Structure formats: structure tokens, C-alpha cells
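Model, not experiment: these values are computed from the prediction. Both counts, for ligands and for their atoms, begin at 1 and track the order of listing. Throughout, residue positions are numbered sequentially from 1 according to the sequence presented.
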Amino acid sequence: MPLDPQRFTGDLHVLRSFGASGVGKGVVRQAYSDADYAARQWLAQRMKDAGLELHFDPLGNLFGLAGEKSLLVGSHSDSQPEGGWLDGALGVAAGLEIARAAKEDGRPPISCVSFQDEEGRFGVLTGSDVWTGKLALAEADGFTDTQGNTLADMRAQMADLAGGFLPHDRFCGFLEMHIEQGPYLEEAGLGLGLGVVTDIVGIRDVRITFEGRQNHAGTTPMHLRRDAFQALSAFNTALSSRFENVVTPATVWTIGHVALHPNASSVVPGRVEFSVQWRDADADRLARMETLIKATAQEIAADHGVASELGPVKGLDPEAMDARFQAELGAAAEILAPGKWQKMPSGALHDAANLAAVMPAAMLFVPSIGGISHAFDEDTAEADLVLGLQVLDRAARVLAV
Ligand code: GLV
Ligand code: MN
Ligand code: MN
């Protein structure tokens, strides 16, 4: 049976029922949660029904394998704590449909994959970080989520299913389709616009703790306080101003997770743990920003009488996509959507950034309505999803031989 867009959109809608948030099409399906586990088991069954050979590796990366050597197509099926229905799931459903259609048509083999913990509950792109050798499994096992759970404990729940790590040379390359997650394709006014990704920006991420003195909010005079929240607030302001001479309009940084202790209105906060994440296409700039973050944390901590502690800096360097794979995606886009596609960098991270280190890799973007993602109301017109599937499949046919 040829590529079947309805079977693909049908799979996508079933996938969003695992961890459905009840708000729009949003999902709550963090890596290793019950919903993630159930979604992976459903995906495994769909792969098996398609005649693909199942393989879970020690992280829970799920492969549907075809042939001895094949093109790999996929993405991830875990979500952010509050996620949309397409981030990752789109590329997984596309990989499944393209692998299934190739098998049914007797075409050169295509395998599909759903990577684990792309959204970084524990690391950065944990599943593909470990599989591609950027991160040692023993180190990853010690990583904790914001609740203190270790990766080792979480992945042990899936240990009964796990085989070993697959050799990379089993695959001749990797294609990933994804929503853009930003505003540029829509702003370009291309209508049914597609993006062929040229580069994926680099990222750094660190957790910082300020430890002050918990005390009574009514009786502790302002000049005697060692208030962890005031230190964080000052850190944020100082950092933005110190970054001014270092960043470009494309650089981004985010304090996205804050845990204030004890988080009560009548208590001077004694401790705050928070994340600082920064992204840029230039690895030197990422390093300069790291130096500023460390120095600012130390200075602000000293000014506010709190102790500062920085965890390990995790991250990934900027990565270029393979030129031949990009060219095939562009050629397929030009046939199916002439004049309605563009080359563009990715400001979001993707498993393709890791895969690029071990095999040729490239990505195709479809537009995100309103540029919204990592939120329940993330969405894309179904016509764009289907066009993306068709373009990806056309390129995959050429690259799979
Ligand atoms: C991946 O979802 C990212 O945070 O870019
Ligand atoms: Mn994603
Ligand atoms: Mn994401």
C-alpha cells in the first residue's frame, strides 16, 4: 500500500490519547511516565503490525527495524511536563508511516525510531545522547529530575524489554520531521511553508542553588536577611545586563525552573534551586556566556550573604545538517510545494543534532500555528502535516537506496 496520509494522521491522534491533558490537544507524557510507557508499548505494537522488528535499547529508545541496513526516520514520543501533541510525536508517526509504506511496497528498507527523553527530564537529549556516545550510560544513570528521581531508577522500569545498543552502521542516515516551534515559517507568509534545516543551535544548561537563611517574614529586619529569592532576582537582572555586550538578537536564555524553599508567604526563603539555559549557534559565545553566569552567580551570592552551588553544565554543540540530505529534502519540497519552502536554522534542539555525529542527518520543518510550542495549544494545520509527510517520504525514497 502506498503512503497513507489518513493512517498517519490517525496514528498521530491515537498517540495524543496517551497522556491527553484535557486542555485542547495537549499532552502530559514525560519520559518514563506511565503515559510514556503506554505510548511506547502501543507504538511497538504498531511497528510489529507493520512487519518491523522491534528493538528497545537500555534507555528505552524504541526502534522498528527493517532490513540489514536501512535509512532511519523518526523523532521522540516523550513530552515536556506540559506539551503539545506534535512535538516529537509528529516525526515518530511520520517515521512509522514511511517505514510501513516502504515495506508494503517492497522498497529499500526504512526503519523508524522513537527516542527517549528528548525533552531532557534527566539530561539534554538523553536517549540519543547516550546512543550516539556523547554521554556515558553510567554518568547518565546518576542524573536526577527536578523531583530527585534518578535516571537509573526510571529506566529500570523498562529493563525487562531492553536489548543492547544497536550499532550505528546499521543505518545509512537519519531523517527527522518536526514542527518548527517558532514563528518564522508563518511569518514568511509562504502558505503551506516548509523548512529544510541547515543547522541546529547549541545549548548549555545548569542548575544553580542559592542557600541563604530561612527566617520569620515579620520579625527579620531587611538588613539582616539572607533571602534566596532576592538573590535570584538580583542575579537575573545582573545577568541580562552583563549579557548585553556578548549576545546577538538570535541568542536566547531562560530561567525556566525555580524551586523556592519553603515557598510560603510568611517565611523569608532560605533556599532556591533554579535552572539557567542558554542557546546560540556559536560555541564560543556559549562559552563566554557560561563564564559570565558563573561569575555573576558568585558575585550576587556574596552580595546577598547566600552560598551558591553550581551543578554540572550539560549541553550540546551547534551541529550542521548533511548537505546531500538537505539537498534531497529541498528537491522533494520543490516538486511537491514549488517556491513554498526555505532553508533555515533550528533554534530548538533535536535528536538529529546527535545523530549527525554518527551518520548523515537532516530535518524537515512544518509551520507551527502562532509559533507556539512547549504548551498545550501547540498546533499545525493537518494539510501542512500531510505535505510534510509526503516531502519526507519522497526524500527518503532516494536516500534509502
Ligand atoms: C527540545 O525540545 C528543546 O528544548 O529544544
Ligand atoms: Mn521535539
Ligand atoms: Mn520539545
With a cut-off of under 6.0 Å to the ring centre and 45° to the axis, is K314 in cation-pi contact with F122? no
Does the side chain of L12 reach to within under 4.5 Å of the side chain of W85, using non-hydrogen atoms? yes
In this structure, atom 2 (O) of ligand 1 is nearest to the protein heavy atom E119 OE1, 2.7 Å
So, E53 and K103, do they make that salt bridge, N to O below 4.0 Å? no
When rounded to the nearest 0.5 angstrom, what is the spacing between CG in L54 and CD in Q41? 10.5 Å
Under a 4.0 angstrom heavy-atom cut-off, which atoms of ligand 1 come close to A348? 5 (O)
Once you restrict to heavy atoms under 4.0 Å, what part of E118 touches ligand 1? Side chain, backbone, both or neither. side chain
Run the salt-bridge test on R271 and D227 with the 4.0 Å N-O cut-off and return the result as yes or no. no
Provide the atom name of the closest N, O or S atom of H374 relative to the Mn ion (ligand 3). NE2
Answer yes or no for H350: is there a heavy-atom contact with ligand 1 below 4.0 Å? no
Do H374 and ligand 1 have an N or O pair less than 3.5 Å apart? yes
Mark up the atoms of ligand 1 that fall under 4.0 Å of a heavy atom belonging to L349, in ascending order. 1 (C), 3 (C), 5 (O)
Measuring to the Mn ion (ligand 3), does H76 have an N/O/S atom at a distance below 2.8 Å? no
Could you confirm whether H178 has any N/O/S atom lying under 2.8 Å from the Mn ion (ligand 2)? yes
Tell me which protein heavy atom sits closest to atom 4 (O) of ligand 1, plus the residue, atom name and distance to 0.1 Å. R279 NH2, 2.7 Å
For D57 and Q116, does a side-chain donor sit closer than 3.5 Å to a side-chain acceptor? no
Could you tell me whether the Mn ion (ligand 3) has an N, O or S atom of D87 under 2.8 Å away? yes
Output for pair (N354 CG, T132 OG1), nearest 0.5 Å, gives 4.0 Å
How many angstroms lie between CG in D36 and CG in D117, if you round to the nearest 0.5 Å? 8.5 Å
